[in-house]
Amino acid sequence: MEEEQLQHIEQEQSALPDQQEQPALPDQQEQPALPDQQEQSALPDQQEQPAKAAAKPARKPWVKKFDLYIVKNFLGTFMFAILLLMAIVIIFDVNEKLDAVLTAPLKDTVFQYFMNFLPFIISQFSPLFTFISVIFFTSRLADRSEIIAMLSSGISFRRLLMPYLFSAAIIAIISYVLSAYVIPPANAQRIAYTNRWVKNKAVTYGDNIQMQVSPGVMAYISRYDNSTKTGYRFSLDQFDGKTLKSRLSAENIKYDSLGRWRLNSYTLRRFNGLKESMTTGATLDTMLNFEPRDFLISKNDEQTMTSPELRQYIDRQHARGVAGIMNFEVEYERRYAMTAAAFILTVIGLSLSSRKVRGGMGMNIGIGLLLSFSYILFMTVTSTFAVSGYTSARVAMWIPNILYTIIAVWLYRRAAR
């Protein structure tokens, strides 16, 4: 029995080392802790991070909050200035035309006159409105140290100018479209109202009218009455060089709404050397290349034409040798010059009011009003030079812009330092 017990104990002792060594196998211990496996498992995470960074690069927005803030203030102040001045204009204009307002029907006064007069005033003084708007709200920003905060945050003065120019571009485009295409038809109704109820400035007749209809063709009307659309003692001469080839004459000539001229009691003579042939008749309908407005030029007629119509009219009158159309050329060039003035006066306004001054906002507004009114006065003076024949219309209208551009560049460089 003792021997059996000893054998049993020896068997248990011989089995113990195997059971102890089994969990401590080097292969089993090293397997979860292999450095190669740890490095391999970490590689995908390291590769995904730069890939994600490359896939989503950080982009700076083109339009920032301060851009929207400036544009909103610019256009809002511009609209406020327009509404304020419109109210003042209505009061003074009603006082000036009080008799006409009391005599004319209220519907015509409101819809035919004032609804067309106010857009005309806005178009005429849009550079003034733009300049005052920039001076007013930029001075307010500077007084509250908002301009200093923007520049201190790393925004350059040139970058600060961008939203101002964007706002000026919106105003310039709208002003040009209105002045070139929308306001001229409205001016026709406004002028018709003033001619009827205030003072008739329309030219309704003409004497000794002579013009070149086409190269080598000259027309003459002794007298024309626009109220009856009738001209008297009409003649149309056709030349070949200096030689008269034919003459068409009539006792009177009448213009109809279709653009045709009817000759009454006409005579047509044709010349061929010393030979002459003559044809007479009671009436003759013809399409002559002119109309009454080509020789009956009333005051402010240029304001009733769109820009394409103005260009066509100027070219046609130049080809006919008609004088007295300088006002039309001045009006045509003025529309482009006033559009460019929005940018020039915006730069001047920002450069003047971007810094605090001892006089405060009132000092900046005073300087702004002085410069804006001087600009309008200067443009009026130069347009007078063009009408008098001292200079061309284009030069006269762009002289103020050139001068104020030089002022704008100097003020901008001074303010950007």
(Q) Under 3.5 Å, is there a donor on one side chain and an acceptor on the other for Y232 and D225? (A) no
Q) How about T230 and Y255: does a side-chain donor come under 3.5 Å of a side-chain acceptor? A) no
Q: Mark yes or no for whether E329, through its side chain, and R394, through its backbone, hold a donor-acceptor pair below 3.5 Å.
A: no
Q) Distance only, no hydrogens: is a donor on one side chain within 3.5 Å (strictly under) of an acceptor on the other, for Y220 and N208? A) yes
Q) Would you say the side chains of T279 and Y266 form a donor-acceptor pair under 3.5 Å? A) no
Q | Under 3.5 Å side-chain donor-acceptor pair for R247 and S235 | A | no
Q.
Just so I know, are the side chains of F234 and S249 near enough to count as touching, which here means a heavy-atom distance under 4.5 Å?
A. no
(Q) Donor-acceptor check, side chain of Q112 to backbone of Q189, threshold 3.5 angstrom: yes or no? (A) yes
**Q.** Side-chain heavy atoms of S167 within contact of I170, under 4.5 Å
**A.** no
Q) For L350, does its backbone N or O pair with a side-chain atom of S354 as donor and acceptor, under 3.5 Å? A) yes
Q.
Treating T103 as the side-chain partner and A100 as the backbone partner, does any N or O pair qualify as donor plus acceptor under 3.5 Å?
A. no
(Q) Quick check: closest heavy atoms across I191 and N300, and the distance to 0.1 Å? (A) CD1-O, 3.5 Å
**Q.** NZ/NE/NH1/NH2 to OD/OE distance under 4.0 Å, E276 and R269
**A.** yes
Q: Report yes or no: does N200 contribute a side-chain atom to a donor-acceptor pair with the main-chain N or O of R196 at less than 3.5 Å?
A: no
Q) Is any NZ, NE, NH1 or NH2 atom of the basic residue among R320 and D294 found under 4.0 Å from an Asp or Glu carboxylate oxygen of the other? A) yes
Q | R262 backbone acceptor or donor facing D285 side chain under 3.5 Å | A | no
Q. Donor-acceptor pair, D256 side chain versus G259 backbone, under 3.5 Å?
A. yes
Q) Would you say the side-chain atoms of K97 and Y113 include a donor-acceptor pair closer than 3.5 Å? A) yes
**Q.** Geometric cation-pi criterion R190 and F120, 6.0 Å radius, 45° cone
**A.** yes
Q | Backbone N/O of F385 and side chain of S388: donor-acceptor pair under 3.5 Å | A | no
Tell me which donor-acceptor pairs under 3.5 Å the side chains of residues 69-77 have, and how far apart each pair is, sequence neighbours excluded?
unit_1 : atom_1 : unit_2 : atom_2 : d
Y69    : OH     : R144   : NH2    : 3.4
Y69    : OH     : E146   : OE1    : 3.0
N73    : OD1    : R140   : NH2    : 3.4
N73    : ND2    : Y69    : O      : 2.7
T77    : OG1    : N73    : O      : 2.6

Q: Examine distances only and state if a side-chain atom of N401 and a backbone atom of A337 form a donor-acceptor pair shorter than 3.5 Å.
A: yes
Q. Under the 3.5 angstrom rule, does the side chain of D301 hit a backbone N or O of S298 as a donor-acceptor pair?
A. yes
